[in-house]
There are 2 protein chains.
Amino acid sequence: MATTFPETTRIVPGAAKAAKPQMRTAERRTAILEAATAVFGARGYNSGSLVEIAEQVGMTHAGILHHFGSKEQLLLAVLAHRDEADLERLDEHQSPVGAAYLDHLVHTAQYSAERVAIIKTYAVLSAESVTGNHPAQEFFRDRFAGMRSRVATDLGLAVGADADDPRVVTAASAIVAATDGLQVQWLLDPVHVDMPSTVQLVIDAIVENLRRTVDAQQ
Amino acid sequence: MATTFPETTRIVPGAAKAAKPQMRTAERRTAILEAATAVFGARGYNSGSLVEIAEQVGMTHAGILHHFGSKEQLLLAVLAHRDEADLERLDEHQSPVGAAYLDHLVHTAQYSAERVAIIKTYAVLSAESVTGNHPAQEFFRDRFAGMRSRVATDLGLAVGADADDPRVVTAASAIVAATDGLQVQWLLDPVHVDMPSTVQLVIDAIVENLRRTVDAQQ
DNA sequence: GTCTATATCGTGATAGAC
DNA sequence: GTCTATCACGATATAGAC
């Protein structure tokens with residue numbers, strides 16, 4: 001009776017097990033990713049430990065290694081995960097372009113003030129990544145290159161110049177740099193540093209300056 | 001015979017030993033400090049090890065602890081040592097003020113390009129210092145506050161405004177931030193980032209912008 | 001002043017029970 | 001899928017010989 005259709009009885013619970021735990025696995029993975037984001041932000045990658053991450057999510061460090069294989073792969077997953085979340089948020093705002101995107105950067109600075117953990121993670125990890133053969137080195141090199149070109153594009157639109165104009169490229173690099181540098185200052189001394197207004201000042205100053213030199217050329 | 005004047009024989013070599021080794025001790029200490037600067041820059045504080053520093057200077061890690069007591073005190077000594085060197089260099093240039101100091105910042109960016117190790121040390125350690133109870137946290141908080149006020153002073157002189165004018169203070173924070181943020185970008189991608197010209201652009205843009213708003217007020 | 005030796009701890013990772 | 005147990009390794013720091 002019970003053995004009448006052994007294949008089905010084996011297959012059906014097997015399928016159920018493959019479905020259910022995989023759902024829970026996905027949840028578990030994101031829980032781990034969030035805990036890892038917090039720990040890497042609070043301690044850096046090198047001294048942030050799997051044990052501490054495991055404690056936050058209520059398991060042992062062996063469990064984490066089961067899901068991600070190694071600490072290094074966990075770090076890369078954390079970074080990729082944050083980028084996905086960012087893209088989703090950008091989609092919500094319907095990807096502003098030109099001057100609107102620059103305003104968006106200021107808005108991001110405000111939004112970020114409420115999410116210290118993520119800011120801290122990126123500030124700490126991006127600087128740590130310049131050290132000898134850090135696992136996130138390529139990630140951050142690509143990320144900065146991407147941000148520079150993104151800002152250059154919208155800066156070009158805003159002031160009426162080519163995105164590959166050297167002045168525009170340099171200006172884009174400067175805006176990205178100021179934003180990141182501010183985050184470190186703000187994390188160390190939130191009372192004396194106001195991110196949104198300072199980002200605003202930098203963008204205003206650079207856009208004005210750029211408009212003038214571009215107009216003078218024509 | 002040999003014990004005729006034990007006090008003198010004990011005292012004289014004692015005095016010689018107190019003088020000579022102390023000279024060598026000072027040299028040894030600075031050698032350790034330089035090695036530590038390189039290692040902390042290349043690996044960060046947390047994963048830079050005393051053993052690696054010791055190897056670079058040709059001794060064991062126990063010797064380093066003899067000189068500095070603990071790894072933490074060594075770090076603070078490294079930071080203090082660099083600041084002394086900076087002050088000396090600033091004295092050589094006879095402490096420029098006002099617009100001249102802002103030019104000096106650009107010059108510093110050029111000079112720094114030749115000294116990757118030190119730049120890296122500061123970029124890595126300043127970001128690492130925002131992590132939970134890092135030993136250098138207070139050092140960097142004070143350092144950033146000092147740089148902001150220094151830049152604000154000379155910015156005020158350059159554009160004819162008070163150093164405590166909110167716009168000047170914000171602008172100073174922005175210049176410091178851009179400089180630091182650029183260092184990380186440059187360390188990751190020296191080919192695509194030119195520090196001196198970008199610092200120059202930021203300063204020019206901000207000084208112009210500031211002059212305009214200050215003049216408009218009067 | 002520098003060494004060797006050792007204590008103590010924490011790390012990432014693996015193996016295997018359940 | 002998560003656990004316990006264990007491994008191999010490297011860290012800071014201390015004690016004491018020389």
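Bear in mind that the values here come from a model prediction, so they are computed numbers and not experimental data. To find a chain, count down the sequence lines: A is the first, B the second, and so on, and within it residues start at 1.
With rounding to the nearest 0.5 Å, the separation of CE in B:M195 from CH2 in B:W186 is 4.5 Å. If you take OG on A:S129 and CG on A:L79, they are separated by 9.0 Å, rounding to the nearest 0.5 Å.
Of the candidates C:dG1, C:dT2, C:dG12, C:dT2 carries the atom nearest the B:H67 side chain, counting heavy atoms from C-beta on. Comparing C:dC3, C:dG1, D:dT2 by their nearest atom to the side chain of B:H66 picks out C:dG1. Checking D:dA13, C:dA13, D:dT4 against the side-chain heavy atoms of A:T60 singles out D:dT4 as nearest. Comparing D:dG1, C:dT2, D:dT2 by their nearest atom to the side chain of B:M59 picks out C:dT2. Closest to the A:A62 side chain, of the nucleotides C:dT2, D:dC3, C:dG1, is D:dC3.
B:G156 approaches B:V168 most closely through the heavy-atom pair N-CG1, 4.1 Å.
For B:E55 and C:dT2, the CD to C1' distance is 16 Å, given to the nearest whole Å. One atom, CG of B:L75, and another, P of D:dT12, lie 12 Å apart when rounded to the nearest Å. Remark: P of D:dT2 and CZ of A:R24 are 11 Å apart, rounded to the nearest angstrom. The NE2 atom of B:H61 sits 15 Å away from the C1' atom of C:dG1 (whole-angstrom rounding). Computed from coordinates, the B:R43 CZ to D:dT12 P distance equals 13 Å when rounded to whole Å.
Neither side chain, A:Q137 nor A:N133, offers a donor N or O lying under 3.5 Å from an acceptor on the other.
Backbone-only contact: A:L50 has heavy atoms under 4.0 Å from sugar-phosphate atoms and none from a base. Using a 4.0 Å heavy-atom distance criterion, A:S70 is classed as a sugar-phosphate-only contact.
Each of B:G63 and A:L65 was matched to the nucleotide of DNA chain C holding its nearest heavy atom; the match closer to the 5' end belongs to B:G63.
OP1 or OP2 of D:dA11 has not a single side-chain nitrogen or oxygen of B:S47 nearer than 4.0 Å.
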With ring pair (Phe, Tyr, Trp, His ring centres under 6.0 Å) as the test, would you mind laying out the steps for A:Y45 and A:H134 before giving the verdict?
-> CA-CA 9 Å; A:Y45 171 69; A:H134 193 282; 5.5 Å; yes
